[in-house]
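Working notes, structure below.
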Amino acid sequence: MNKMKTWFPVLITSIVFLLLWEAIVILFAIETWLLPSPYDILRETWEIRDRIFENLRSTFTISIFGLMSGLVLGVGIATVLYLIPFLQRIFYPFILISQNIPLIALAPLLVMWFGFGVGPKITIVMLICFFPIVVSTLDGFTQTDPTLQTYLKMAGASRWQRFIKLEWPSALPSFFSGLKLSATYSVMGAVISEWLGSQKGLGVLLTLSSKSFRTDRVFVAITFIVILSICFFIIISWIERFILHWKQNP
Amino acid sequence: MNKMKTWFPVLITSIVFLLLWEAIVILFAIETWLLPSPYDILRETWEIRDRIFENLRSTFTISIFGLMSGLVLGVGIATVLYLIPFLQRIFYPFILISQNIPLIALAPLLVMWFGFGVGPKITIVMLICFFPIVVSTLDGFTQTDPTLQTYLKMAGASRWQRFIKLEWPSALPSFFSGLKLSATYSVMGAVISEWLGSQKGLGVLLTLSSKSFRTDRVFVAITFIVILSICFFIIISWIERFILHWKQNP
Amino acid sequence: PTNEPTGEQEQTNIKEVKLVLDWTPNTNHTGLYVARDKGYFKEEGLNVSIIQPGEAGAEQMVAAGQADFGVSYQEGVTQARTQNVPIVSIAAILQHNTSGFASLKEKNIETPKNFEGKVYGGFGSPVEEQMIASLMSEEQADVKKVQITPIGNVDFFTAIKKNIDFSWIYYGWTGIEAELRGQDLNMIYLTDYAKELDYYTPVIISNEKNIKENTETVAAFMKAVSRGYQFAIEQPQAAADILIQAEPDLNGELVKKSQEWLSPRYQADATQWGTQKEEIWTNYADWMRKHGVLEGKFDAKSAFTNQFLPEGGK
Amino acid sequence: MHLSVQNISFAYGTTTIMKNLSLEVTDGQFVSIIAPSGSGKSTLFYLIGGLLQPQSGQILLESQSIVGKRGQVSYMPQSPSLLPWRTVQQNVQIAYEIRKKKPALSEIHQLLERAGLAEVAHHYPHQLSGGMQQRVAFIRTLAEDKPILCLDEPFGALDALTRTKMQNWLQLILKEEKRTVLFITHSIEEAILLSDRIYVCHASPLQVSHVFHVSIPMNERQKKHQATGWRELTQKIEEALI
Amino acid sequence: MHLSVQNISFAYGTTTIMKNLSLEVTDGQFVSIIAPSGSGKSTLFYLIGGLLQPQSGQILLESQSIVGKRGQVSYMPQSPSLLPWRTVQQNVQIAYEIRKKKPALSEIHQLLERAGLAEVAHHYPHQLSGGMQQRVAFIRTLAEDKPILCLDEPFGALDALTRTKMQNWLQLILKEEKRTVLFITHSIEEAILLSDRIYVCHASPLQVSHVFHVSIPMNERQKKHQATGWRELTQKIEEALI
Ligand SMILES: Nc1ncnc2c1ncn2[C@@H]1O[C@H](COP(=O)(O)OP(=O)(O)OP(=O)(O)O)[C@@H](O)[C@H]1O
Ligand SMILES: Nc1ncnc2c1ncn2[C@@H]1O[C@H](COP(=O)(O)OP(=O)(O)OP(=O)(O)O)[C@@H](O)[C@H]1O
Ligand SMILES: [Mg+2]
Ligand SMILES: [Mg+2]
């Protein structure tokens with residue numbers, strides 16, 4: 001009942017949006033190569049349904065593994081930098097740098113180190129995903145209630161106990177907001193990483209279709225990128241709601 | 001004094017890092033076209049110092065305007081979606097979609113609407129920048145202390161007053177963590193947006209240098225991308241510290 | 001544990017070889033796909049995987065030995081070699097430059113002289129302006145009267161919809177797409193106006209070390225590739241089908257029509273597919289230097305070789 | 001300002017907190033409520049303040065229903081609830097801002113002065129002691145300036161001396177401005193000292209068990225135990241509580 | 001457990017809070033501190049608890065300096081300070097976790113029972129009334145099980161009845177386990193009821209002005225005002241405060 005109430009407006013809006021799109025494409029006679037209509041996209045999806053699945057699987061694998069390792073790396077870095085402020089001062093600039101190295105410069109080096117396999121691709125997604133988690137979680141730590149800090153300190157809690165029992169739970173809401181960002185970026189990250197030489201994947205589908213002027217297929221690829229990404233987001237929101245259930249009002 | 005204490009370790013580490021890099025390049029006789037040494041980069045920077053400045057200015061303009069408009073858009077969207085939860089349910093998926101449309105598909109549409117000027121480039125940076133702000137700020141609103149909510153409600157504060165006087169200040173730390181992410185992405189966003197056709201800019205320098213195998217120049221471009229991005233980050237951190245000064249312990 | 005010799009034992013003789021493309025797969029690459037999928041490589045004892053490079057081109061990966069072969073173009077090889085990137089061109093896929101400046105028929109741009117007062121949509125390379133200048137100077141026209149607007153990665157068809165008058169395309173792909181769309185183009189080929197601009201694009205490259213140390217492998221590879229292109233020259237339709245089969249995400253219609261156009265142009269007037277002439281390498285490098293788009297020393301002789309073509313390119 | 005709570009019932013989920021509770025506060029009266037901890041006193045205030053809605057019953061202010069209507073009463077919460085990013089002075093100011101009234105700085109300063117907070121006017125809440133925070137919350141409530149005051153243990157964390165000071169001050173204000181007060185306290189002494197009427201309640205559900213009228217004259221009450229009738233009343237209330 | 005505070009001085013920034021303050025709590029004693037709001041009582045606890053360090057002076061526990069050493073005393077903060085994401089039971093558990101002791105659930109339940117919190121053992125703090133939160137904080141402190149207890153207004157928000165219950169309970173525990181207690185209160189009555197010794201302090205800087213020994217026998221104290229000597233002591237303390 002409640003579920004339906006939540007989903008119904010989204011469904012309606014999406015349908016309205018798609019109809020509007022269809023109408024605009026038809027009314028203004030926009031050519032398919034510029035902007036295909038939802039119907040075109042749907043039809044083309046059906047056409048290439050077999051191939052989409054394996055492309056999707058390939059991209060999914062890269063993004064999920066990249067996100068996972070980004071998560072582990074992000075939480076690890078945030079923890080270390082928070083607990084050892086000296087390291088934070090030193091390494092924060094390098095973490096910023098990591099977000100500003102274009103793929104074009106990174107690609108040859110990554111290929112040098114990891115070859116053309118799935119390794120450099122997951123690395124790229126990881127490099128994209130760990131950053132929002134680090135920034136958000138670090139900021140989350142500072143949200144800790146000082147009154148609670150005072151109590152735990154007075155009670156003789158060790159640094160690590162305070163971290164595990166107080167600071168980390170306090171940072172959870174921020175952590176999740178970082179994780180949601182990462183999840184959103186992970187799929188695009190995987191698509192971009194497929195430029196590093198790949199046979200399959202939505203990124204490959206995207207480039208091939210675009211370079212051979214099949215805009216409808218480009219949008220098929222985008223549709224699945226979006227779906228994958230929204231799935232990630234929803235799953236993480238569920239986990240968040242489950243873990244932060246005490247926040248819900250009764 | 002305190003300033004020096006903060007900067008000194010970073011400086012030392014950076015120098016050590018650069019020396020190590022230089023040493024590795026020399027020791028393993030890594031060729032310049034693969035990985036230039038810091039000295040090569042420095043020398044090349046000096047060589048093309050005139051051209052760098054105008055490239056830098058162009059990218060700076062795009063990224064600052066993009067960041068600003070992303071900031072305004074992000075705060076606006078977060079506000080509207082928070083105050084009208086119904087809209088949040090409806091539009092959140094579309095905001096996610098906006099982060100998953102690859103440039104390859106967006107470019108033709110943007111060009112159709114804005115032509116080849118600076119418009120579509122700022123739009124791209126804006127689209128990149130508004131998202132972390134929306135996600136973080138929305139999560140920040142939920143950090144509001146319910147006790148304070150109770151008081152303000154009882155005192156008869158209007159919805160808007162509660163928003164302005166309580167929820168927005170409560171969300172500020174999260175907002176800043178989103179803004180810092182956006183700032184970091186804005187420069188890379190500007191670089192990427194220059195693929196939409198540009199005469200100047202670090203992105204242009206990057207691609208041209210890469211295409212003509214001037215890896216040293218590629219790294220010069222990256223260096224300035226990183227510097228620009230770190231500057232943004234530092235400035236925002238300053239503003240954050242200034243606005244959230246009440247958080248500092250005395 | 002002892003490893004029982006199995007039937008796969010003899011496959012250890014098969015050499016793993018990586019080939020990096022220059023762009024997304026297209027009809028320029030048909031011969032390579034034919035050689036792979038018709039088993040020509042297998043017959044030479046090679047197992048070739050074809051890799052798409054994305055944004056970071058093939059040259060550095062080949063130079064660094066991460067890939068054994070790659071697809072590049074003459075200008076790229078020239079630039080790379082002046083920067084000491086040790087790559088060598090081992091075959092020209094197309095004998096003549098099929099690129100040129102395209103515009104919509106109704107713009108009436110029929111000769112370089114008509115460029116005056118028009119808007120050129122470029123991707124931002126300094127070579128472009130020199131290119132246009134070269135063509136225009138043949139007709140005493142002034143390049144200063146051309147407005148150059150960078151369009152970056154925006155495709156030709158979008159660009160000409162939005163106040164761009166002409167742009168630089170490869171007819172074999174984008175031009176054919178225009179035909180498919182029923183869009184009439186005026187095409188000004190570079191080769192028609194400046195001989196020195198008839199450079200090789202694309203070419204197959206390998207690195208210097210490979211050429212010196214794995215001569216047999218390179219020869220075997222090129223033998224198979226030659227057969228592949230020979231097949232593509234002789235049977236365009238079948239070759240196109242192989243490419244479509246291999247890369248089903250390509251636009252099949254476009255591939256077929258493009259293949260038809262391109263097949264006779266692989267070998268063109270040459271004695272054999274793939275041969276390269278020194279004067280073409282020298283001329284273009286000279287042209288580049290003259291127009292200030294090439295820094296550093298360039299030795300044409302070491303930039304290419306015909307030695308791996310069957311019968312040494314004679 | 002006549003406040004009338006009529007037969008209200010309320011439950012958090014399935015836990016019934018109050019059932020058919022009725023109370024009256026007539027104009028200008030000072031009414032105290034003494035009830036066990038966790039019995040629902042704060043909840044009653046949330047109902048009066050319009051934050052929560054009773055499952056049944058009526059709440060009338062001057063014969064007008066104020067069920068679900070906020071901002072009708074001045075409310076002081078049990079925990080200070082100060083905005084951490086505002087200084088003491090700014091925290092008091094918010095009471096004016098909510099009413100969209102330009103706050104007279106002098107007025108705020110007078111209030112701060114009287115509560116002994118003038119020196120810390122520009123401190124942030126986290127720099128204050130617990131008692132000081134409570135005082136800030138108290139004067140913020142006064143600044144809200146509604147005809148009826150709902151005070152949830154306003155002097156809970158104050159030392160005897162400060163407490164007496166604040167009590168005296170409250171009496172003074174009431175004498176001057178004649179406001180109606182509904183007062184939650186856990187101190188019988190404080191209740192007798194300040195009230196016209198005392199409701200003693202028992203819990204689960206919250207229900208008035210006894211009503212006491214305090215007939216000791218105001219000017220006698222300062223004497224506390226020495227005042228006539230004080231001791232008897234104290235004893236009666238203590239007995240009622242058990 | 002002998003606690004000795006010797007000539008400590010402390011200032012927040014430039015605001016001097018205490019200067020050469022000395023206190024003694026001998027083994028098994030119950031010592032109360034009554035001082036004005038904002039005078040520095042909580043700060044004193046932070047100093048004893050090792051959270052802050054005095055600018056000069058010594059704090060000795062059994063002749064060992066505990067300046068800057070944490071976890072030496074059981075501490076109950078002025079505000080409940082419960083972890084919002086833990087239920088009542090889990091909040092009490094943390095006291096065991098910090099000592100890395102496997103908490104005996106039955107033990108926790110016994111404590112909860114005695115504080116009248118058994119029913120809300122699985123509630124979250126935000127579902128509790130102010131008084132209940134304070135009770136949770138109180139039993140959490142007991143569960144810390146250090147030889148010396150520092151209680152910062154433990155019964156501040158409790159109604160008279162619950163308060164008496166908790167006071168009795170505290171006395172019972174002290175009789176059984178003989179713990180040493182340093183107690184901050186603003187209620188003179190409470191101080192007399194529970195203490196062996198009462199320090200009355202004045203503020204700016206915090207300084208002991210009077211020390212009172214409570215010689216009323218324990219079993220007489222329940223009678224309060226009726227107990228011999230109660231009224232006189234109350235009066236003396238009140239006078240000392242002014
Ligand atoms: N949000 C809530 N959800 C569920 N139960 C709640 C909630 N808030 C309060 N309660 C319960 O309602 C009862 C009454 O709470 P309330 O805060 O009104 O008590 P109180 O009389 O003010 O107590 P105190 O004097 O200790 O402040 C308590 O038993 C409490 O556990
Ligand atoms: N972090 C701080 N920075 C500056 N001043 C502070 C800080 N904490 C407390 N103070 C000041 O120190 C003084 C003593 O505070 P403290 O909390 O110790 O008082 P207290 O005696 O416990 O009062 P109460 O009984 O009201 O809780 C107060 O005047 C307060 O303003
Ligand atoms: Mg209450
Ligand atoms: Mg205190």
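Residue numbers begin at 1 in each chain, while the letters A, B, ... track the order of the sequences.
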Residues of residues 37-45 of chain D near chain E, each having a heavy atom less than 4.5 Å away: D:S37, D:G38
Heavy atom to heavy atom, less than 4.5 Å: which residues from residues 195-223 of chain D reach chain E? none
Working to the nearest 0.5 Å, report the span between CD1 of D:I188 and CD of E:E189. 8.5 Å
Euclidean distance, E:E119 CD relative to D:T15 OG1, rounded to 0.5 Å: 9.0 Å
Under 4.5 Å, counting heavy-atom pairs only, tell me which of E:E238, E:R163, E:R135, E:Q133 racks up the most with chain D. E:R135
Only pairs of heavy atoms separated by less than 4.5 Å count here; which of E:G116, E:A35, E:S79 has the most with chain D? E:A35
Which bit of E:I34 comes within less than 4.5 Å of chain D, counting heavy atoms only: side chain, backbone, both or neither? neither
